[in-house]
Engineer: 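One structure, as structure tokens, below. Some questions next.
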Amino acid sequence: DGGITQSPKYLFRKEGQNVTLSCEQNLNHDAMYWYRQDPGQGLRLIYYSQIVNDFQKGDIAEGYSVSREKKESFPLTVTSAQKNPTAFYLCASRDRAGNTEAFFGQGTRLTVV
Amino acid sequence: KQEVTQIPAALSVPEGENLVLNCSFTDSAIYNLQWFRQDPGKGLTSLLLIQSSQREQTSGRLNASLDKSSGRSTLYIAASQPGDSATYLCAVLTRYNTDKLIFGTGTRLQVFP
């Protein structure tokens, strides 16, 4: 089955730690995205990538980093510089060739303990 | 800067009612508009995609319309069911940056028996 897989589903982080969220897709999509969702708020764009080895900052990139070494993978690292990392993180992908819809993974809930 | 608004923020209706969810955007230069459904603690599921050249799209009991000139889209749900209870989000893909999906804050729908 084609789709987007995010792991882990739940993640706990201690203060001062870096953690990495995984996002893998087998849809052969060029564009991939990371969003953050907080209660009562819409999705806010963290980073996005249009092609391998290239990515751009979204609206709230501070305290986050990404890499895009393979087309199917777009991991997100939440660094210790992110002051309020507790949130629900969503990964998405889209085929840039054409006017196509975006697909989302099932999300990772990150909690700082 | 493109801004997307969804009204109402929450809606509670009895089973069987036909209902309309609203999505407004400030910049009419969009590539497409997509409606999603999100169940609690889950990722987003794509419902309908409307291209900028289209006026409406239908899938089962769902019908989405698009009026670019007025910056509005509506999602019509016919004969609502308790299983329709979820948060509904709209997102626009803007023409000046076709790789950036901008989301509204969503409408939380509850359909009671």
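So you know, we letter chains A, B, ... as the sequences are listed, proteins then strands, and number each from 1. These figures come from a predicted structure and were not determined experimentally.
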Engineer: Applying a strict under-4.5 Å side-chain criterion to I, L, V, M, F, W and Y, I'd like to know whether Y48(A) and F55(A) cluster together.
Structural biologist: no
Engineer: Quick one: what part of Q37(A) sits under 4.5 Å from any heavy atom of chain B, side chain, backbone, both or neither?
Structural biologist: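 The side chain, not the backbone.
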Engineer: Can you confirm whether R72(B) is buried at CZ, in the sense that more than 12 heavy atoms of other residues, nucleotides or ligands lie under 6.0 Å from that atom?
Structural biologist: no
Engineer: Would you say F74(A) and F103(A) are hydrophobically clustered, going by side-chain heavy atoms of ILVMFWY under 4.5 Å?
Structural biologist: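 No, it is not one cluster - the side chains of F74(A) and F103(A) are not joined through contacts under 4.5 Å.
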Engineer: Of the backbone (N, CA, C, O) and the side chain (C-beta and beyond), which part of L89(B) lies under 4.5 Å from a heavy atom of chain A, both, or neither?
Structural biologist: side chain
Engineer: Please state whether the side chain, the backbone, both or neither of Q6(B) comes within less than 4.5 Å of a heavy atom of chain A.
Structural biologist: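 Contact with chain A involves no heavy atom of Q6(B) at all.
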Engineer: Look at atom CZ of R55(B) and say whether more than 12 heavy atoms of other residues, nucleotides or ligands are closer to it than 6.0 Å.
Structural biologist: no
Engineer: For L90(A) and K42(B), work out which heavy atoms get closest and say how close.
Structural biologist: CD2-O, 4.5 Å
Engineer: After noting the C-alpha distance and the side-chain angles of L93(B) and R94(A), does the key distance pass the side chain to side chain contact (heavy atoms under 4.5 Å, CB included) rule?
Structural biologist: CA-CA 11 Å; L93(B) 196 64; R94(A) 192 179 70 85; 3.6 Å; yes
Engineer: Is chain B contacted by the side chain of L43(A), its backbone, both, or neither, given a heavy-atom distance below 4.5 Å?
Structural biologist: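 Both backbone and side chain of L43(A) come within 4.5 Å of chain B.
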Engineer: Spell out, yes or no, whether I60(A) and V66(A) are grouped together once hydrophobic residues are joined by side-chain heavy atoms under 4.5 Å, including indirect joins.
Structural biologist: yes
Engineer: Compare every heavy atom of A102(A) with every heavy atom of L101(B), then report the nearest pair and how far apart it is.
Structural biologist: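 Shortest heavy-atom separation between L101(B) and A102(A) comes out as CD1-CB, 3.4 Å.
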Engineer: Is chain B contacted by the side chain of A31(A), its backbone, both, or neither, given a heavy-atom distance below 4.5 Å?
Structural biologist: side chain
Engineer: With a 4.5 Å cut-off on side-chain heavy-atom distances among I, L, V, M, F, W and Y, is there a chain of contacts connecting Y76(B) to V13(B)?
Structural biologist: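 Looking at the clustering, V13(B) is in a separate group from Y76(B).
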Engineer: Salt bridge between K1(B) and D59(A), side-chain N to carboxylate O under 4.0 Å?
Structural biologist: no
Engineer: Do Y89(A) and I4(A) share a hydrophobic cluster, counting only Ile, Leu, Val, Met, Phe, Trp and Tyr and linking them when any side-chain heavy atoms are less than 4.5 Å apart?
Structural biologist: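 They do not share one cluster, since no chain of ILVMFWY contacts under 4.5 Å joins Y89(A) to I4(A).
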Engineer: So which of G43(B), A9(B), G41(B), G106(B) has the biggest tally of heavy-atom pairs under 4.5 Å with chain A?
Structural biologist: G43(B)
